[in-house]
Amino acid sequence: MAARGHVQDPNDRRLRPIYDYLDNGNNKMAIQQADKLLKKHKDLHCAKVLKAIGLQRTGKQDEAFTLAQEVATLEPTDDNSLQALTILYREMHRPELVTKLYEAAVKKVPLSEEYHSHLFMAYARVGEYKKMQQAISAQDEKLSQTMFLPLAERMVEKMVKEEKIEAEAEVQLYFMILERLGKCVEALEVIRGPLGEKLTSELQSRENKCMMLYQRLQRWAECNALAHKLLLKNPDDWQFYPAYFDSLFHLMDQSWSPPEEGQHCSEGSVHHTVTEVVRFVEDRIKGEDSKDSHALRGPYLARLELIHRLRERGCPEESMLGEPLELMVQFFGKFGDKPCCITDLKIYLHLLSPEQHVQFINRLSEAVPLGEQGEEGFAFPDDTKALQRHLCVCQLSRALGLHHCLDVDGKLRLITELKAHYHHGLKFGKNALKTELQFSDMYCLMASHIYIDLWKETGEEDMVWQCLGLLLEGLSHSPSNAQFKLLLLLLYCHLGAFEPVVDLYSSLDAKHVQHDTIGFLLTRFAESLGQFAAASQACNFSLRFFHSNQKDTSEYIIQAYKYGAFEKIPEFIALRNRLNQSLHFAQVRTERMLLDLVLNLEESVKAMSLSAEEDDIPWDNMRDNRDLTVFTSWDPKDRYYHRRQSLEEESVWLRIRSLTLRLLASIAVVGHAPSTQNSEVTNENGVGDKTSTVSSLLSQLNQTLQTAAQLAEKRIQYPFLGPPSTRLGPALSSGSCQCQAAALQMSVNLQELDTVGLVVFSRFELTVLLSLSIEILNKCKGDLLEMKGGRLKTRSPLLENLVFFVETMCVVLWMASYCAKILRPLKTSLQKKKKKKKDANTALPEVVCGFQELTGSLQDLLTQALEHIKGQEMSITALKLASLTLEGYTQEEASFIKAAMDKVQSSYLRSLQEVGDLLKKRAETLKNLKI
């Protein structure tokens, strides 16, 4: 702000000290200096705005906004005031006000190119694309034509004829215009012509654009010839192999044949038969075979890819390339010592028949150089290259399903072997930095996966504790291993322990868009496991990213306009839309507000300013941005995640939560409305409309619950490393959803007062509500942690049910407090009538008595719940894990397993404490609830 150039205006000199104070962070002195200046020069608008900036930065937002609006209503046109107001509005996160500011300035000074430019950028920030066009049209003809494609095309053509196009950005813009007009032929001429030579900033930019246009135009001969030509230059450039093969099959389908004379096409010779393509690939492989070292993988993988495609089409020429098993063994012989070998071969394992699986692994094992067998009966590699080969064989075995076929004893023996290889491999990384991974880490990870298999098969929780111990040991040797952290995070959550997860996720150091792609791992479990403070923090962390993204992407778009990077603008807009429409964003936003309601109830609703009528979730354009491949997995394809079913379940659960939130907000609005004793007054005050809104929302909630029940009946089981299941199933089975819906239904009934003032709901509804609440509490009973036969056993579903009970009680109490607001004036009016009639026998209406019984029963229920929680805290604290004897383990292994158990025990106590504290607050609220 301080760098303001050469001072010409005397006002600049007067304002200089205020700018300096603001730049140095001395906001109080800036305010004082502005006040002094305003005493002498009352009409110096910029001083007022600078004072407002100082007030904004000292936390006095309302005063700052009032002062800024005083200046804005005067519609200033001086540069100082406009720039200062722009800075202030940005800090207030009100970019839409900047547009109004420059709209007024442009009206007053229509010939100012600078103000038109600022207005255009202001529209870009808020995504007002139509107004951007209007702003440009008003500014000058040249820029308006760049926004209206046909005019833009003519303008650029004129520049081309006059040879005025010099910069690469101008050629890119011309290409974008033609591409969006669908003029691919003209675009191709531009790229292949002299203008295309200016495209130099990206490697092979010209060739890539040509390839894309050939594919759009379905010019398969040119596509084939260009791919062939580029692969001759660089046989390892994988992006051109798919285009080469695709074009071949299209040419075959079209029965294409080359002309008798001259070139096949403008790009050169075309390979239009399988024989030619096979020969080309084989020639590339011969070239690599003749090399002494540093062979390229591309041609060898291209051969496997071609076999895959020929087999899909049922072409007999597949046999010309050889037997897939032999080719993969050959590939392993050349590249088996590279970590990429497993990912290269994994996608072609389907080319092997099931009968060949064991033979394939045996052949690969023969190519692994191992030393002599030791005392344990295992032979180990002597160097890292041999270790990598052996590791690759193990990974391929798992990918083929050979590990899954073993019985329990076979899997335990395999774990022992993998752990032995892991410990042996640690010697190769003795001098590794903390940020580097150990060479043998994958053995540790694979052994952990087999432990998880055994846990799922046998149900023995001892397998999980051994798995946790092994992963903690692995993390002690490789503190930066993200896969160890992710798997630990998932295991702790499945065991019901969220406390250790916070530090694990924090140590992953997720960057930017990762908060959207992997953030679900944190937010899914935080609240459901009773860690409300951590849940609130996790939601805030994610929301901070999403909100800053909205501001940041606007700035990226503006910079792209400024520097002529026009092709990046659609990418930035797509990124912004992708994040704004994110499923995770909608979930976190909804859960954060529900969490606030659970923790603070009425105060939160007032602060949230929720609108029950408006649903801001983009249901039709929802984007599932979750990265479900974040976990390294070697499971066969049939075990992979089910994204579609998961998205359906997530959407239904989100709809239930969103409707519950909107219902609570709408009831709060009606609750704060004037007295609803008289139906005519009700309609005058608009409360009648609110009541219809609540009824509509409740109807939607009941319909969604029916859909949810049908979905829950399917009992979809997701793989352990697939998407985590939602809270939908447990919420329905515990009765939480049904109880909350019943409470909300009673709130709607309470609004339907007749002219006498009697409420339309019965004792039956109260009985149903209480019985549902009791049922949820009963499903929480049982020991969360228990010791059986010297082994620790967790029962995380009980903890999840306890959290459902707390959430449900908060909704029921919300309804009860709303009842009290409605019934208080009713009881008062009845007592007044009683005094006038002097009739001592006038009984209170049934609803008042029913309400008093309800509050009394709820008080008893909360007391029972608190006693249960206290009992659980005592029993968990009494567990002496330190004295636990773990037989059959080394001292080091036992120490890691005990460390894991300690973390789970500590987490359960923390969850119980938070749940207990919240229930105590709600019990106090209930005590004070009198009518």
Side-chain angles (χ1 to χ4, degrees), residues 89-90 93-96 98-99 120-133 135-136 146-147 149 168-169 172-173 175-177 179-180 199 201-203 205 208-209 212 239 482 505 508-523 538-592 616-630 643 646-647 650-651 654 723:
Y89 289 148
R90 273 191 207 166
H93 305 295
R94 298 290 299 275
E96 70 281 0
V98 180
T99 60
F120 176 80
M121 297 304 179
Y123 284 142
R125 274 195 184 88
V126 293
E128 291 277 4
Y129 303 116
K130 286 186 179 178
K131 288 188 177 179
M132 284 164 70
Q133 291 178 353
I136 294 161
T146 61
M147 300 306 292
L149 295 172
E168 181 181 0
Q172 292 277 20
L173 183 59
F175 176 76
M176 284 175 66
I177 293 165
E179 187 190 8
R180 278 158 179 71
L199 300 173
S201 63
E202 290 182 24
L203 194 65
S205 172
N208 286 330
K209 283 180 169 56
M212 179 190 73
Q239 63 175 323
Y505 186 83
L508 283 169
D509 198 19
K511 295 285 192 297
H512 199 258
V513 81
Q514 286 178 317
H515 293 303
D516 184 28
T517 56
I518 65 170
F520 71 94
L521 293 170
L522 190 66
T523 54
C539 289
N540 284 342
F541 205 62
S542 288
L543 286 173
R544 202 174 301 128
F545 157 69
F546 284 112
H547 291 144
S548 67
N549 157 70
Q550 291 168 350
K551 184 178 75 174
D552 292 345
T553 44
S554 296
E555 292 303 319
Y556 303 153
I557 292 166
I558 286 164
Q559 295 305 315
Y561 275 117
K562 280 184 180 177
Y563 296 106
F566 299 113
E567 63 177 5
K568 296 297 176 190
I569 293 166
E571 293 177 24
F572 290 136
I573 292 169
L575 173 66
R576 180 165 65 186
N577 292 342
R578 175 188 161 191
L579 294 175
N580 286 343
Q581 295 165 2
S582 165
L583 167 71
H584 183 56
F585 183 27
Q587 287 173 325
V588 171
R589 208 169 54 214
T590 305
E591 292 297 338
R592 178 72 183 87
D616 59 352
I617 296 174
W619 297 104
D620 296 333
N621 301 311
M622 192 85 78
R623 295 283 301 268
D624 183 5
N625 298 329
R626 295 175 297 169
D627 181 3
L628 301 180
T629 60
V630 67
R643 182 183 282 274
S646 171
L647 178 59
E650 294 283 0
S651 298
L654 175 60

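As the structure is a computational prediction, the values presented were derived from the model and not from experiment.
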Supply the atom-to-atom distance [X] [atom1] to [Y] [atom2], rounded to the nearest 0.5 angstrom.
X	Y	atom1	atom2	answer
Asp516	Leu575	CG	CG	9.5 Å
Thr553	Ile558	OG1	CD1	10.0 Å
Leu583	Leu647	CG	CG	6.5 Å
Met622	Glu650	CE	CD	10.0 Å
Glu168	Ser205	CD	OG	6.5 Å
Ile557	Arg576	CD1	CZ	4.0 Å

Minimum-distance pair of heavy atoms, taken over all atoms of [X] and [Y]:
X	Y	answer
Asp627	Thr629	OD1-OG1, 2.7 Å
Gly519	Tyr505	CA-OH, 3.5 Å
Val513	Leu579	CG2-CD2, 4.0 Å
Phe520	Thr517	CE2-O, 3.1 Å

Next on the checklist: Within the 4.5 Å heavy-atom criterion, are Asn549 and Asn580 side-chain neighbours or not?
Outcome noted: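 Asn549 vs Asn580: side chains touch.
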Checklist entry - So do the side chains of His584 and Thr523 get within less than 4.5 Å of each other, counting heavy atoms only? => result yes
Checklist entry - Would you say the side-chain atoms of Thr99 pair up with the backbone N or O of Glu96, donor to acceptor, closer than 3.5 Å? => result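 It does hold such a pair.
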Item to check | Asn625 (side chain) donor-acceptor with Arg578 (main chain) under 3.5 angstrom | outcome: yes
Next on the checklist: For Leu543, give me all partners under side-chain contact (heavy atoms from CB on, under 4.5 Å), at least two apart in sequence or on another chain.
Outcome noted: His547, Phe585, Val588, Arg589, Arg592
Checklist entry - Taking only residues two or more places apart in sequence or in another chain, which ones pass side-chain contact (heavy atoms from CB on, under 4.5 Å) with Glu567? => result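 Gln172, Met176, Glu202, Lys209.
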Checklist entry - Can you name the residues that form a side-chain hydrogen bond (donor to acceptor under 3.5 Å, both in side chains) with Arg90, not counting sequence neighbours? => result none
Item to check | Qualifying residues under side-chain hydrogen bond (donor to acceptor under 3.5 Å, both in side chains), relative to Glu571, sequence neighbours excluded | outcome: none
Checklist entry - How far apart are the C-alpha atoms of Asn577 and Arg623, what are their side-chain angles, what is the distance that settles it, and do they pass the side chain to side chain contact (heavy atoms under 4.5 Å, CB included) test? => result CA-CA 9 Å; Asn577 292 342; Arg623 295 283 301 268; 5.9 Å; no
Checklist entry - Going through the checks in order, is the side chain to side chain contact (heavy atoms under 4.5 Å, CB included) test met by Leu654 and Trp619? => result CA-CA 10 Å; Leu654 175 60; Trp619 297 104; 3.7 Å; yes
Next on the checklist: For Phe545, give me all partners under ring pair (Phe, Tyr, Trp, His ring centres under 6.0 Å), at least two apart in sequence or on another chain.
Outcome noted: His512, His515
Checklist entry - Looking at residues at least two apart in the chain, or sitting in another chain, which of them share a ring pair (Phe, Tyr, Trp, His ring centres under 6.0 Å) with Phe566? => result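 Listed in chain order: nothing, the list is empty.
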